[in-house]
Amino acid sequence: MPQHKHTSADVAPGTVTLCATREMHGGLKWAHLPVDQRLWADEGLRDGFRTRVRREVNDMAAAVEVVEAP
């Protein structure tokens, strides 16, 4: 499977970045969703954020990676 790599530039200060990917013919479709760390800390909100980023790749079963600043 092709890979989508992240760098520290993908994560703004005070946020985490959710990354959803979907394999497609010819490569990957990916989407990023920056989320304020305080909101991400609320377990009750996390599924909603994951759903939002999955919609961006049109795959509600897409894997979602949480990218945090190093």
Side-chain angles (χ1 to χ4, degrees):
M1 177 172 155
Q3 292 187 355
H4 171 69
K5 299 191 188 240
H6 297 103
T7 68
S8 58
D10 292 324
V11 184
T15 69
V16 299
T17 297
L18 301 185
C19 177
T21 57
R22 180 178 84 165
E23 192 168 354
M24 299 178 65
H25 179 67
L28 282 181
K29 179 173 185 174
W30 58 270
H32 285 172
L33 176 66
V35 178
D36 186 285
Q37 287 175 334
R38 293 168 296 183
L39 296 174
W40 184 247
D42 185 335
E43 295 279 339
L45 299 176
R46 289 183 178 190
D47 283 341
F49 292 127
R50 288 184 186 105
T51 297
R52 279 183 59 191
V53 75
R54 285 179 173 133
R55 279 190 200 127
E56 294 295 319
V57 295
N58 298 316
D59 182 353
M60 295 312 288
V64 176
E65 180 182 356
V66 179
V67 183
E68 299 181 78

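Distance check: H32 NE2 to E65 CD gives 8.0 Å after rounding to the nearest 0.5 Å. The line from CD of E23 to NZ of K29 is 14.5 Å long, rounded to the nearest 0.5 Å. From W30, atom CH2 reaches atom NE2 of H6 across 7.5 Å, with rounding to the nearest 0.5 Å. How far NE2 of H4 is from CG of L28: 8.0 Å, rounded to the nearest 0.5 Å.
Counting only distance, with no hydrogens or angles, the side chain of T51 and the backbone of D47 share a donor-acceptor pair below 3.5 Å. For D42 (side chain) and L39 (main-chain N/O), no donor-acceptor pair under 3.5 Å exists by modelled atom type. In this structure, R22 contributes its side chain and D59 its backbone to no donor-acceptor pair below 3.5 Å.
Under a hydrophobic-cluster definition in which Ile, Leu, Val, Met, Phe, Trp and Tyr are linked whenever side-chain heavy atoms come within less than 4.5 Å, directly or via other members, F49 and V66 are assigned to the same cluster.
Among all heavy-atom pairs drawn from R46 and W40, the shortest one is NE-O, 2.6 Å. Minimum heavy-atom separation, V16 to E68: CG1-CG, 3.7 Å. Shown here for R54 and M60, the closest heavy-atom pair between the two residues is CD-O, 3.2 Å.
No option in T21, V35, V64, T17 other than V64 meets the side chain to side chain contact (heavy atoms under 4.5 Å, CB included) test with V53.
Counting heavy-atom neighbours within 6.0 Å of R52 CZ, excluding the residue itself, gives a total of 12 or less.
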